[in-house]
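One structure is given here, and the rest of the page talks about it.
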Amino acid sequence: MFVHFEWRRCVSRLKYRVPTLAAILDHLTAAPVRDTESRALQTIACRNRTHSSDILLRAQKPSGAWSAEPNAGPDNCFHTALALLALKALRPNDPMPQHVDHAFAWFDSIVGAENHWLWKWKFRYFDRQVRFDPTKTGWPWVEGTVSWVAPTATVMLAHRAWTRDSPRLLTATRMLMDRACPQGGWNAGNSEVFGVALDPHPDFTAMALLALHGVVDRNQPIISKSLDYLSLRLRKSESLYSLAWGVLALDWWSHTGSGDLTGRLRDRLASMDPSLAPVRTLALTVIACDPPAFLKYGGHQ
């Protein structure tokens, strides 16, 4: 009886040791989600299985933006950018529809608080605790705050996906280069506070590198240092979310470390129980293994 029970449990475990990609996509397609990030990543991962944008569009606010949770919280640049990437995944060959144009118009109206003359004066002459150039701005998380790496990078990716040009993309590129950590990589916002260099984070580093791909020369020292940092850091990272972002960035930049890390990502995907993984992490892992071409600079679906 005991042996039979142990055998059944072993078989149950083996069933989840090698789930097929089809089984993972089946699970992802049916998985219930509420937050915008999970919904957007789920849509991109399952882009060949689902073709309805109704849920995403119902969550779009009158301003044209999305928030972190549908109908809850302030308009958010990061989540709006992810929603636009998801809509592009569903309609890779469509011209820009009105609701997408509305979202980009909202982006045009949102600038980092450091863009205001008073903040520029403050950071340039008085506030020396934080090191960054206030003339180089991107996008904040929410209106009324300074520019941050993740929203700036993803908004740049949304512009690229929809081939939407903007003069602000140049200043956003300069802002990301200005905020890079001296040792390579990016923190959430600044590279130095109170004279102390901040440590980079792999997910923010990957997002910045994705946004700068095809825009900044690979031979720029900060790019090569950031790629090397990301490759080395991810060898020891247990975060599947960070590993997936990193694999995307290293692969796009054709870094030598991308092959081993991609293999590690695929191995972890094949050994996991999909029902135990957060939707956003599982979806991002699938995207990293099968990225949509429209995200790349000059890419075509």
Identify the heavy atoms of [X] and [Y] that sit nearest to each other, and give their distance.
X: Pro292; Y: Ile44; result: CG-CG2, 3.9 Å
X: Thr281; Y: Tyr241; result: CG2-N, 3.9 Å
X: Ala188; Y: Trp148; result: O-CE3, 3.3 Å
X: Thr36; Y: His79; result: CG2-O, 3.7 Å
X: Met272; Y: Ala277; result: SD-CB, 4.0 Å
X: Arg39; Y: Val33; result: NH2-O, 3.0 Å

Quick check against the 3.5 Å criterion: does [X] have a side-chain atom that pairs as donor or acceptor with the backbone of [Y]?
X: Ser271; Y: Arg268; answer: yes
X: Ser53; Y: Leu56; answer: no
X: Gln42; Y: Ala31; answer: yes
X: Ser147; Y: Pro140; answer: no
X: Ser38; Y: Asp35; answer: no
X: Lys225; Y: Gln220; answer: no
X: Thr205; Y: Gly185; answer: no
X: Thr285; Y: Leu269; answer: no
X: Arg264; Y: Leu261; answer: no

Quick check: do [X] and [Y] have side-chain heavy atoms less than 4.5 Å from each other?
X: Val286; Y: Leu25; result: yes
X: Met177; Y: Ile222; result: yes
X: Phe107; Y: Thr80; result: yes
X: Leu265; Y: Leu240; result: yes
X: Leu57; Y: Leu87; result: yes
X: Cys77; Y: Ile110; result: yes
X: Leu90; Y: Thr50; result: yes
X: Thr173; Y: Leu176; result: no

Got a sec, which pairs hit salt bridge (Lys or Arg N to Asp or Glu O under 4.0 Å) with one end in [range], sequence neighbours left out?
range: residues 96-106; result: Asp101-Arg164
range: residues 55-73; result: Arg34-Glu69, Lys61-Asp75
range: residues 80-97; result: none

Considering residues at least two apart in sequence or located in another chain, which fulfil the side-chain hydrogen bond (donor to acceptor under 3.5 Å, both in side chains) criterion with Arg218?
none
Those residues at least two apart in sequence (or on a different chain) that pass side-chain hydrogen bond (donor to acceptor under 3.5 Å, both in side chains) with Ser242 are Ser239
Charged N to carboxylate O under 4.0 angstrom, Asp165 versus Arg160?
no
N-O pairing of Asp26 and Arg49 below 4.0 Å
yes
Could you go step by step and tell me if Ile223 and Val216 meet the side chain to side chain contact (heavy atoms under 4.5 Å, CB included) rule?
CA-CA 8 Å; Ile223 297 298; Val216 175; 3.8 Å; yes
What distance separates [X] [atom1] from [Y] [atom2], expressed to the nearest 0.5 Å?
X: Leu212; Y: Asp217; atom1: CG; atom2: CG; value: 12.0 Å
X: Trp253; Y: Ser226; atom1: CH2; atom2: OG; value: 9.5 Å
X: Leu84; Y: Thr154; atom1: CG; atom2: OG1; value: 10.0 Å
X: Leu28; Y: Arg280; atom1: CG; atom2: CZ; value: 14.0 Å
X: His27; Y: Leu276; atom1: NE2; atom2: CG; value: 8.5 Å
X: Ile55; Y: Thr43; atom1: CD1; atom2: OG1; value: 8.0 Å

Test log, rule side chain to side chain contact (heavy atoms under 4.5 Å, CB included), inputs Asn187 and Val149
CA-CA 8 Å; Asn187 196 282; Val149 170; over 6 Å; no
Do you reckon Leu170 sits in the same ILVMFWY cluster as Val155, going by side-chain contacts under 4.5 Å, direct or chained?
no
Please check if the distance between the ring centroids of Trp139 and His159 is under 6.0 Å.
yes
When the aromatic ring centroids of His201 and Trp186 are compared, is their separation below 6.0 Å?
no
Begin from the C-alpha positions of Trp66 and Leu82 and carry the test side chain to side chain contact (heavy atoms under 4.5 Å, CB included) through to its verdict.
CA-CA 9 Å; Trp66 277 260; Leu82 290 180; over 6 Å; no
Kindly indicate, with the supporting measurements, whether the criterion ring-ring contact (aromatic ring centres under 6.0 Å, His included) is fulfilled by Phe78 and Trp141.
CA-CA 6 Å; Phe78 176 75; Trp141 286 94; 5.1 Å; yes
With a cut-off of 3.5 Å and sequence neighbours excluded, list every side-chain donor-acceptor pair involving residues 228-236.
residue: Asp228; atom: OD1; partner: His255; partner atom: NE2; Å: 2.8
residue: Tyr229; atom: OH; partner: Pro200; partner atom: O; Å: 3.2

